[in-house]
Amino acid sequence: MTRVFITGAGIITPLGRGAAETLAAILGNRSGISPLSLFNPSSEPLPVGQVTAPLSDTGLPRTHLLALAAAADAMKEAAAPPDAIVIGTTTGGMALTEALLRSGDSDPMKYLHHSTGSVGEAIARELHVSCPVITVSTACSSSAAAVAIAAAMIESGRAERVLAGGADSLCRLTYYGFNSLQLIDPEGSRPLDVSRRGMSVAEAG
């Protein structure tokens, strides 16, 4: 049986960027849930998990920037570039697409990063690698499925080093979609509370 080793990890969430910040927030019982401020909702903003760590201003959609930040941190400890990239995402470039549509922009070139597949492609370009790029889009399980696929690739001998994970940004689609399903707790998610009323949408890489 082939053993799969994790040699580097990158994480950026509403709790911070990197394992140290994330662990400190968890041990300090700090919540990353706060009222939405990324865009103006049509009513009182609901609590969301919003990344506040600075992101590169490259013109790419927010999901891509979250993925690139996490990938860059993960690759810091890598001895060699990956021979495959597996990324789980659902929103892709939706946040930018929504802004373009609201402004009435009809330039097709500005929508090049709308698809979910463009997230992994952006990582490959940033790392200057030419390797298989696999996109997994299975809603909330996307990132877990991506890691499982990466492990299977290594165990089967199809790859030795795989960069795997996921990213999604907050956007109107998820914010209003989950709210329309009446699944959002207006006070913020409290999963272990007997009086919990639902979930909170969030973003991370």
Side-chain angles (χ1 to χ4, degrees), residues 8-18 21-22 32 34-42 45-46 48-76 78 81-82 84-140 142-143 146 162-178 200-205:
I11 181 170
I12 180 167
T13 75
L15 296 179
R17 179 172 181 175
E21 282 189 21
T22 303
S34 61
L36 174 74
S37 63
L38 275 178
F39 52 85
N40 294 322
S42 56
L46 294 167
V48 296
Q50 194 169 281
V51 170
T52 57
L55 297 171
S56 301
D57 186 11
T58 61
L60 288 171
R62 190 170 175 87
T63 293
H64 297 58
L65 298 180
L66 292 168
L68 287 169
D73 290 350
M75 291 302 297
K76 286 179 180 177
I85 296 173
V86 188
I87 297 297
T89 182
T90 301
T91 60
M94 181 63 71
L96 177 58
T97 294
E98 290 172 344
L100 291 170
L101 290 174
R102 286 175 69 85
S103 68
D105 199 317
S106 59
D107 181 357
M109 298 304 293
K110 294 183 179 179
Y111 293 85
L112 290 178
H113 298 100
H114 171 76
S115 74
T116 54
S118 65
V119 179
E121 293 167 359
I123 294 174
R125 284 195 304 271
E126 182 69 18
L127 296 179
H128 305 290
V129 295
S130 178
C131 65
V133 177
I134 299 172
T135 300
V136 183
S137 188
T138 54
C140 298
S142 298
S143 296
V162 183
L163 177 62
D168 269 315
S169 71
L170 286 166
C171 63
R172 288 175 170 82
L173 174 72
T174 50
Y175 179 84
Y176 289 113
F178 281 103
S200 294
V201 292
E203 59 182 6

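For clarity, every value in this text was computed on a predicted model and none was experimentally measured.
Heavy atoms only, all atoms of each residue included: A69 and L55 are closest at CB-CD2, 4.4 Å. Contact record, L15 with G32: CD2-N, 3.6 Å, taken as the closest heavy-atom pair. Contact record, A167 with A67: CB-CB, 3.6 Å, taken as the closest heavy-atom pair. Considering every non-hydrogen atom in both I123 and A71, the closest pair reads CG2-CB, 4.0 Å. Residues L96 and P61 approach most closely at CD2-CG, 3.8 Å, considering heavy atoms. Considering every non-hydrogen atom in both D73 and G10, the closest pair reads CB-CA, 3.8 Å.
Distance check, rounded to the nearest 0.5 Å: CG of L38 to CG of L170 gives 6.0 Å. Note that CG of L60 and CG of L66 are 11.5 Å apart. Values are rounded to the nearest 0.5 Å. Once rounded to the nearest 0.5 Å, the distance linking CG of D57 with CG of L65 reads 8.0 Å. Separation of atoms OG (S130) and CZ (R125) is listed at 12.5 Å; rounding is to 0.5 Å. A distance of 12.0 Å separates OG1 of T97 from CZ of R172, quoted to the nearest 0.5 Å. Distance NE2/H114 to OG1/T63: 11.0 Å, rounded to 0.5 Å.
Residues T116 and T135 have side chains that never bring a donor and an acceptor to within less than 3.5 angstrom of each other.
Counting heavy atoms from C-beta outward, Y111 and L101 have side chains that approach closer than 4.5 Å. For the pair M75/P82, a side-chain contact is recorded, criterion being any heavy-atom separation below 4.5 Å from C-beta on. Residues I87 and V133 are not in side-chain contact: their nearest non-hydrogen atoms beyond the backbone lie 4.5 Å or more apart. L163 is listed as a side-chain neighbour of L127, based on a closest heavy-atom distance under 4.5 Å. Using a 4.5 Å heavy-atom threshold, the side chains of V51 and P14 count as touching.
Exactly one of S142, C171, S143 qualifies for a side-chain contact (heavy atoms from CB on, under 4.5 Å) with T90. That residue is S142.
At distances below 3.5 Å, not a single donor-acceptor pair connects side-chain atoms of Y175 with backbone N or O atoms of P45. Panel note: side chain R62, backbone E203; no donor-acceptor pair is recorded below 3.5 Å. Remark: side-chain polar atoms of Q50 are not paired, donor with acceptor, to backbone N or O of S34 under 3.5 angstrom.
The environment of CG in N40 is sparse: at most 12 heavy-atom neighbours from other residues, nucleotides or ligands sit within 6.0 Å.
E126 is linked by a side-chain contact (heavy atoms from CB on, under 4.5 Å) to L68, counting only residues two or more places apart in sequence or in another chain. Residues passing the side chain to side chain donor-acceptor pair (under 3.5 Å) test with T89 are D168, sequence neighbours excluded. In this structure, the ring-ring contact (aromatic ring centres under 6.0 Å, His included) partners of H113, at least two apart in sequence or on a different chain, are H64.
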